[in-house]
Amino acid sequence: MKIFCPYKVKNIYEAVINMTHDLEKIKHDFLTKLHSLTKEADILNLKSEFTGKTGVVSELLKSLKDMNPEERKSFGPKANELKDFITEQCSLFLAKIEIEEINKKLALDRIDISMTENIQAKSIKSGGYHPRTIIQQEIEDIFLSMGFDVLDGPHIEDEFHNFEALNIPADHPARDMQDTFWFHDPQKTPKETKKYLLRTHTSNIQVRGMLSRKPPFRFIAPGVVFRSERTDASHEMVFTQLEGMMVGKDISVSNLIYFMKTILKEIFKRDVEVRLRPGFFPFVEPGFELDISCLICGGKGCSVCKQIGWVELLPCGMIHPNVLKAGGIDPEEYNGFAFGLGLDRLVMMRYGIDDIRHLQSGDLRFNSQFKLF
Amino acid sequence: MLISIDWIRDFTDVPNLPAKDIYSRFTLATAEVEDVVTIGEHLEKIVVAEILSFEKHPEADKLNLVTFKISETDIRKVVCGANNVKVGIRIPYAPLGVKLPNGLLLEAKKIRGVLSEGMLCSEEELGFAEESEGIMELSQDAPIGMNMLTYFKMKKDTILDIDNKSLTHRPDLWGHFGMAREFGAIFETPLKNKFTKEWATGLKKHFTLDSSPIKVRLDGESAALAYFGLSLSNVVVGESPEWLKVRLKACGLRSINNIVDVSNYVMLELGMPLHIFDRDLINGNEVVIKRLTAETVFKTLDEVDRKLEVGDTVISDTKGPLVLAGIMGGLHSGVSPATKNVFIEVANWKAALVRRTSTRLGLRSDSSQRFEKTLDSKLCERTMLRTLELILELCPGAKVVGGLEYGGMDLSLIPTLKIKTSLKKIQTVLGLDLSEEKLLSIFHALDFQTEKNNSEFFVTVPSYRSTKDVEQESDLIEEIGRIIGYDNITPKSPQDIIAPVKLTELQKIQRRVRDFMVLQGKSFEVMSYPLIGDTLLKHCSWPHSTSLKLVNSLSQEHDLMRPSLIPSLLEVCEKNIKHHDRFRFFEIGRAYQEDAKNFSKESLHLGAVFVDKDKNPFIDLMNVATNLLTSLNLSPEFVEMNTKFENALVPSEWIGIHPFEYQNIRVMGKFAGAVFSVHPLVLRNLKIKGHVTVFLFDLSLFTNYSAKDKTKYKPLNKFPISTFDWTVVAGADSLASEVLNACKKVKLKELRDVQILDVFESENKKFFTLRATLLDEAQTMTSEVLKSAESALVDATSKAGFNLK
Ligand SMILES: [Zn+2]
C-alpha cells in the first residue's frame with residue numbers, strides 16, 4: 001500500500017537520488033586520489049581509507065540498516081558494487097607498480113633480440129639438398145605412388161650386364177656410340193676374360209632387377225652413369241639417369257603411352273602432350289623416341305624446339321625378347337615396356353642451370369643456392 | 001643423308017602435300033628429318049625479259065636504268081649494275097617477292113633515289129654458278145615471259161635431310177629406291193618397280209661370250225661376302241648431262257665425270273656402293289680379294305696415305321692394293337678423262353670388318369657408312385645392271401666384254417626368313433584395333449609376303465630387311481605400328497594388380513641421413529666425381545694403395561676410382577676455403593675397392609665435413625654424428641683409436657689423422673665409421689688454415705638391416721629424484737669421459753646417471769663437478785640409501801685417481 005503513497009514515493013526517490021549522488025562523489029574522490037599515487041603503501045592506505053573498517057564506503061554500508069526496505073533494495077547493490085570496484089582498482093594498481101619494478105630489473109638483463117643467426121658473420125646459417133636429390137626424390141615418389149620399386153646396382157659392371165644382356169653384342173655400333181670407360185683394353189684382353197667397365201646406363205640394373213623378381217613387376221633404376229665424353233656446359237662424363245620397366249601379361253604400347261603421359265604430367269605439374277616416333281635402341285623392339293610438346297611455346301614453334309613444336313625427351317619401347325630372356329623371363333608369356341630419362345636435364349630445366357658441370361663441382365657458391373632454410 | 005623428293009617420284013607418286021606434312025609424317029613413321037630445303041622455287045618466278053632501252057643513272061655513273069618487257073604490255077624498269085647490258089638481249093628477270101638462293105629477298109626499294117622493281121640476275125644469283133660476271137644472257141629465241149624452270153627444263157624439288165643415326169638399323173633406306181618404298185607405304189601410293197626380271201634379262205643381252213679381261217679371285221677368308229665384276233670397253237669419259245648433275249648436287253655430291261657420276265648415282269638410288277676402275281691400269285688379268293699379310297701404305301682417292309694393317313681386306317692386282325674394301329678406291333686405278341676401258345666392281349662386305357678398319361683409319365666414306373649397316377648380297381646384281389644401263393645410256397658406244405665375274409658364297413643359299421605372327425598378337429601388343437585388310441596392305445606395301453594359316457600368318461621378310469633389322473615377331477609389330485602411326489593408339493591403363501611397394505631399408509636410411517644432415521647438421525649436400533687422379537691422392541698424402549684404374553680415361557685427373565671419400569671431401573674443402581671461412585657439407589657417395597673374387601667392391605659412405613678457420617668444430621660434428629646414428633636406432637659406441645683393430649675406413653698409415661681428435665664409431669661390434677680432425681700438415685698442403693673435422697660412416701653395412709625402434713613406455717615416476725654433486729681434482733690432460741668411466745664401476749640400482757655439471761682449470765689442474773641422479777622407482781629413498789650411494793661414488797672416483805676437492 002505504501003508504495004502508492006505519493007509523498008512516500010517522492011521521499012524515497014529523493015533519498016535514493018541523494019545517496020546515489022554521494023556514491024558517485026565517493027567514486028570520483030577515490031579515483032582522483034588513486035591516480036595520484038605511485039607507492040604500494042599509499043595504495044594500501046587509500047584502500048583502507050575507503051573500504052577499511054571505518055572507511056567511507058563501509059560507513060555507508062553500515063547506514064543501510066537504518067533505511068527502509070525499498071531504499072535498501074535500491075541503494076545496497078550500488079554500494080557493494082562500489083566497494084568491489086575500489087578493491088579491484090587497488091589490486092590493478094598494485095600489480096602495475098610491481099610490473100614496473102620487475103621491468104626495471106629486466107631492463108638490466110635485456111638481450112639484443114635482433115641478433116639472429118642470419119645477421120652474424122660467424123654463424124652457420126643454412127643447409128640444403130643437392131638439386132639432383134630434390135628432383136630424384138620427387139620423381140622416385142611419383143613412381144612409388146604408381147607401384148614402381150626403386151633399385152640401384154653397381155657402377156663397375158661387366159660386359160654381360162651392360163651390353164650382352166641388353167641385346168648389344170660385341171660388334172654392335174652402340175658399343176662405340178656409348179663411349180665406354182674400360183678397366184681392361186677390350187682389344188688386348190683375351191675373349192674369355194670377363195671385362196669390366198663403368199656402366200654406361202642404368203639399364204644394367206634391368207637384368208639384375210628381372211632376375212631378382214617374378215612378373216608382374218614394375219621398377220625404376222635411377223643413378224649415375226659414365227661416358228667417356230669431353231665435358232662442356234652440356235656434357236658430363238658422370239651424369240644421372242633414370243631407367244624403368246614394367247613387365248606383365250599383355251602389356252601394350254597403349255599402356256606405355258598411358259604411363260608416360262601420367263608420369264610426365266606429375267613431373268611437369270601440367271598436362272603434357274606426347275608423341276612417339278620410331279627410335280632405334282637395341283634393348284627395345286619396337287623402340288621409340290618420345291617427344292613432348294614444347295613447354296615454352298605450347299607446340300607453336302620457337303627457338304627452344306627449333307620451330308618444330310616438339311622436344312625430344314625420353315627413349316622408350318617394348319622390351320626386346322632377348323632382354324627378357326637374359327632376365328630369365330619367358331617372352332612368350334610376358335612382355336613389357338622400358339624407358340629412360342635424363343635426370344640432370346630435368347634438374348637443369350627446373351632451376352635454369354646453364355652449365356651441367358656445376359652439379360659436381362662441389363663449389364658451395366652453387367650448392368648454397370639450394371638452401372632449405 | 002639428303003633425299004630428293006623429285007627422285008623419289010621416279011618410283012612412287014608422293015602426294016603433293018606441303019613439305020611440312022611430308023617430313024612430319026616421315027618423322028613419325030620412319031626416321032627423324034632434321035631439315036627440309038626446297039630448291040628451284042625461285043626459278044618458277046624468274047622470267048625471260050627483253051631489254052628495250054637503258055640510260056645512265058642520274059646519280060651514279062656505274063649504274064644503269066634499264067627498261068625491259070616481260071610481255072608486250074608489261075614494261076618495267078630496274079636499276080642494274082652489270083656492264084653487259086645491251087638493247088635487245090634476253091635476260092632473266094626476278095620480280096619483287098622472289099627469294100634468291102643466296103638468301104636475298106627482293107623488296108621494292110629506291111637505289112640512289114630511283115625506284116627499282118626487282119632485279120636482272122646473273123648465273124650466280126640464279127644459283128647456277130658459284131661465281132659469275134654480269135647478267136646472264138639467254139638465247140635470242142627464249143620465249144619472253146617464260147619462267148626459268150620451264151626454260152631450263154628443270155623441276156622444283158624438296159630435299160629432306162634425314163638424321164643418319166636414325167637410319168642405323170635400316171640398310172634398305174640408304175638409297176632413293178628403298179626410300180620410295182617407304183614413302184609408298186606411308187602415303188599409300190604404289191611402288192613403281194622398274195627393276196624387274198624382264199629388265200634384267202634385257203640388260204644381260206649386252207653380255208658377250210668373250211672371256212672377261214679381268215677375272216675375280218677370292219684368296220682365303222676376308223671381309224668379302226660377294227664380289228661381282230664386269231668389264232666394259234670404249235667408254236667416253238666426259239661431262240654428265242644436266243639431269244644427272246642436278247640430282248647429285250641435290251644430294252650433296254659434286255659432279256666429276258659421267259662414269260664416276262654414274263657410280264655415285266647408282267649408290268644414291270639403290271643404296272649399294274660400287275667402284276669403277278680404269279681397266280687399263282689393273283696389272284695382270286685378275287683382281288684378288290684378300291686380307292693383308294703385311295703392313296702397307298696405300299694412297300686413297302682423296303690423296304691421303306693410309307697405313308693399312310695386317311688383316312685389312314683389299315682388292316689387289318699383281319702389283320698391290322687397288323681398293324680398300326668397302327671404304328675407298330686407290331688414287332692410281334681410278335677413272336680419269338683418259339679412261340677408255342673400265343672394270344665395275346659391285347661387292348658386299350662384312351659390316352663389322354668394314355667398320356673396324358674405317359673407324360681405325362678415321363675414314364668414313366659414303367661407301368663404308370652403307371656397308372657398316374649390313375647390306376644384302378642379293379642386291380649386287382641389280383646394282384651392277386643399273387650401272388651398266390646408265391653407262392650405256394651416257395656412252396652409247398660402250399661395249400660389254402664377257403659377262404659377270406663372281407666370287408663369294410652361293411647366294412641362293414641365303415635362307416629366307418619367315419616369321420609367324422597373328423592379328424590378335426599385333427593388336428594386343430600395340431593396344432590397337434586393326435583390320436586384317438589394313439595389316440596385309442601394310443605388309444605388302446613394305447614388300448613382306450604373307451601366307452595365312454587359320455588365325456596365324458607366315459610373313460616372309462625381304463632379304464634386304466633380314467640382314468639384321470627384322471629378326472622376329474616384335475620387329476613385324478613395329479612395322480605395323482609405325483606405318484599406322486603411334487598417334488593413332490589410345491593410351492590405356494594396364495589391367496594388372498599393383499603390389500605394394502616401398503623404399504628399401506638402405507634407401508630409407510639415405511633419406512633420413514640427408515634430412516638429418518641438412519636440418520640438424522646445417523650442411524649442404526655436394527656430389528663429387530667418383531673418378532679421381534693420382535695428383536689428388538698425392539696432394540692429400542693418401543697412403544699408397546692400388547686403386548681401380550681406367551685404361552681409356554680422358555685425363556689423369558680422372559682415371560682412378562676413388563678408394564675412399566676422404567680425398568674427394570678434402571678437394572671440396574680446398575676449393576671452398578678460398579671463398580668461405582667456415583662451412584659444412586656432406587656427400588653420400590661410393591668408394592671403390594679391388595676385390596679378388598668380384599673384381600670390385602663398392603661401398604656407400606656418408607662423409608660429412610665441418611670446416612672453421614677459428615673455432616674447432618670437432619665437438620659440434622661429434623654431436624651431429626651421435627644424434628644422427630642414435631636417430632637411426634644404431635646405438636653407436638665411440639672408442640679410441642686402437643692399433644690392434646684397424647678401422648678400414650681410415651687407413652692408420654695415413655698421416656692426415658689428428659693425434660688427439662679422433663674417435664672410432666662402432667655399431668653392433670663392427671667399426672662402421674669415425675669422427676676425426678685432419679692433421680695440420682695435410683691441411684698445409686691443401687692451403688687450408690684452421691680446423692677440418694670429418695665424419696665418415698659406411699652406410700652399406702646396413703643394406704638389409706632394419707633397425708628396430710626400441711622405445712617403450714614406462715609409467716611416470718611416483719617417487720622423488722635426488723641429485724648429488726661433488727667436485728674432483730684431475731690432471732690437466734684428463735678427459736671428462738675418464739672421470740665418468742670411473743663412476744660406471746658403481747653398480748647401484750638407484751644410480752641413474754652421472755654427468756658433468758661444470759669444469760674449470762686452475763694451476764695446471766682440472767676440476768670436474770659431477771652430478772649423479774638417483775631414483776628408486778618403488779619407494780622414496782631413505783637418507784641412509786642416499787648417503788651410501790654418495791660415498792660409493794666418491795670412493796669410485798678417488799680410486800681412479802680423481803680425489804675429492
Ligand atoms: Zn617451342
Side-chain angles (χ1 to χ4, degrees), chain A residues 122 124-130 132-133 137 144 147-150 154-156 171 173 176 181-185 194 196 216 224 228 230 237-238 246 248-255 257-258 261 275-280 285-286 288 318 320-321 335 359-360 362-365 367-368 371-372, chain B residues 27-28 30-31 166 168-169 352 355 428-432 472 474-475 477-478 481-482 486-487 489-494 496 498-499 501 503 507 514 518-519 521-531 548 550-554 571-572 575-576 579-580 582-585 590 592 599-600 602:
Chain A
K122 287 192 171 186
I124 293 288
K125 300 175 180 71
S126 45
Y129 303 94
H130 194 284
R132 263 185 190 166
T133 299
Q137 287 196 4
L144 281 164
F148 286 76
D149 274 315
V150 181
H155 294 168
I156 298 174
D171 275 325
D176 280 354
F181 279 127
W182 290 94
F183 290 98
H184 310 270
D185 190 333
K194 214 175 182 185
Y196 287 87
V224 295
S228 171
R230 293 268 162 216
M237 56 182 176
V238 184
M246 168 168 176
K249 281 202 162 120
D250 295 337
I251 303 289
S252 68
V253 175
S254 98
N255 299 153
I257 302 173
Y258 168 82
K261 273 190 97 139
R275 70 170 194 188
L276 297 188
R277 54 188 171 81
F280 170 64
E285 185 67 44
F288 315 110
M318 304 303 289
H320 197 286
N335 69 344
L359 296 177
Q360 282 159 122
D363 190 332
L364 294 174
R365 291 173 301 171
N367 295 78
S368 62
K371 62 179 188 180
L372 196 64
Chain B
T27 295
L28 289 181
T30 309
S166 65
T168 308
H169 61 307
R355 201 173 121 252
T428 311
V429 173
L430 292 176
L432 175 77
Q472 53 198 356
S474 56
D475 299 307
I477 296 171
E478 166 161 45
R482 65 189 185 82
Y486 297 115
D487 319 22
I489 296 175
T490 318
K492 272 190 279 269
S493 173
D496 64 339
I498 307 181
V501 292
L503 293 172
Q507 285 164 341
R514 282 197 175 93
V518 167
L519 295 168
K522 292 185 171 182
S523 305
F524 282 104
E525 185 185 14
V526 301
M527 293 186 186
S528 58
Y529 276 134
L531 289 164
L548 290 156
L550 296 174
V551 294
N552 62 336
S553 66
L554 294 169
E571 195 180 27
V572 173
K575 203 173 278 182
N576 285 290
H579 308 289
H580 312 275
R582 57 194 59 73
F583 51 91
R584 297 174 172 189
F585 64 90
R590 294 192 195 180
Y592 308 80
F599 184 70
S600 62
E602 300 174 26

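Predicted model only: the values in this text are computed from it and were never measured. Below, chains carry the letters A, B, ... as their sequence lines are ordered, and counting in each starts from 1.
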If you count heavy-atom pairs within less than 4.5 Å of chain A, which of [options] leads?
options	answer
R582(B), Q472(B), K575(B)	R582(B)
T30(B), L519(B), L432(B), D475(B)	D475(B)
H579(B), R482(B), H580(B)	H579(B)
T490(B), L531(B), V572(B), V429(B)	V429(B)

Where [X] and [Y] come nearest, the two heavy atoms and their spacing:
X	Y	value
L430(B)	V253(A)	O-CB, 3.6 Å
S228(A)	L554(B)	OG-CD2, 3.6 Å
G362(A)	N576(B)	O-ND2, 2.8 Å
K492(B)	N255(A)	O-ND2, 2.9 Å
P494(B)	Y258(A)	CD-CD2, 4.2 Å
L28(B)	P278(A)	O-CD, 2.8 Å

Distance check, rounded to the nearest 0.5 Å: [X] atom [atom1] versus [Y] atom [atom2]?
X	Y	atom1	atom2	answer
R277(A)	D487(B)	CZ	CG	12.0 Å
L503(B)	L144(A)	CG	CG	5.0 Å
F288(A)	E478(B)	CZ	CD	7.0 Å
H155(A)	E602(B)	NE2	CD	6.0 Å

Please state whether the side chain, the backbone, both or neither of [X] comes within less than 4.5 Å of a heavy atom of chain B.
X	answer
H320(A)	side chain
L359(A)	backbone
K249(A)	neither

Is it the backbone or the side chain of [X] that comes under 4.5 Å from a heavy atom of chain A, or both, or neither?
X	answer
S493(B)	both
E571(B)	neither
T428(B)	both

Please check if atom CZ in F599(B) has more than 12 non-hydrogen atoms from other residues, nucleotides or ligands closer than 6.0 Å.
->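 Yes, the 6.0 Å shell around CZ holds more than 12 heavy atoms from other groups.
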Near K125(A) NZ, under 6.0 Å, is it more than 12 heavy atoms from other residues, nucleotides or ligands?
->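 It does: K125(A) NZ has more than 12 such atoms within range.
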In terms of heavy-atom pairs under 4.5 Å, which option from [options] contacts chain B the most?
options	answer
V150(A), L364(A), L276(A)	L364(A)
R275(A), K194(A), Q360(A)	Q360(A)
S254(A), S252(A), G147(A)	S254(A)

Counterpart residues, side-chain contact (heavy atoms from CB on, under 4.5 Å), relative to H169(B) (two or more places apart) = F280(A), D469(B)
Could you pull out all residues at least two apart from T133(A) that satisfy side-chain contact (heavy atoms from CB on, under 4.5 Å)?
->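 Residues passing side-chain contact (heavy atoms from CB on, under 4.5 Å) with T133(A): Y129(A), H130(A), Q137(A), R514(B), E525(B), M527(B).
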Distance-only, no hydrogens or angles: does the D149(A) side chain make a donor-acceptor pair with backbone N or O of V501(B) under 3.5 Å?
-> no
Quick one: does M318(A)'s side chain get under 4.5 Å of S474(B)'s, heavy atoms only?
-> no
Is the closest side-chain heavy-atom distance between P286(A) and Y486(B) below 4.5 Å?
->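 Yes, at least one pair of side-chain atoms sits under 4.5 Å.
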Decide side chain to side chain contact (heavy atoms under 4.5 Å, CB included) for N367(A) and F585(B); before the verdict, give the C-alpha distance in whole Å, the side-chain angles of both, and the deciding distance to 0.1 Å.
-> CA-CA 9 Å; N367(A) 295 78; F585(B) 64 90; over 6 Å; no
For the pair L548(B) and Y196(A), evaluate side chain to side chain contact (heavy atoms under 4.5 Å, CB included) and give the outcome as yes or no after the intermediate values.
-> CA-CA 11 Å; L548(B) 290 156; Y196(A) 287 87; over 6 Å; no
Show the numbers, then the answer: is there a side chain to side chain contact (heavy atoms under 4.5 Å, CB included) between L550(B) and F183(A)?
-> CA-CA 5 Å; L550(B) 296 174; F183(A) 290 98; 3.7 Å; yes
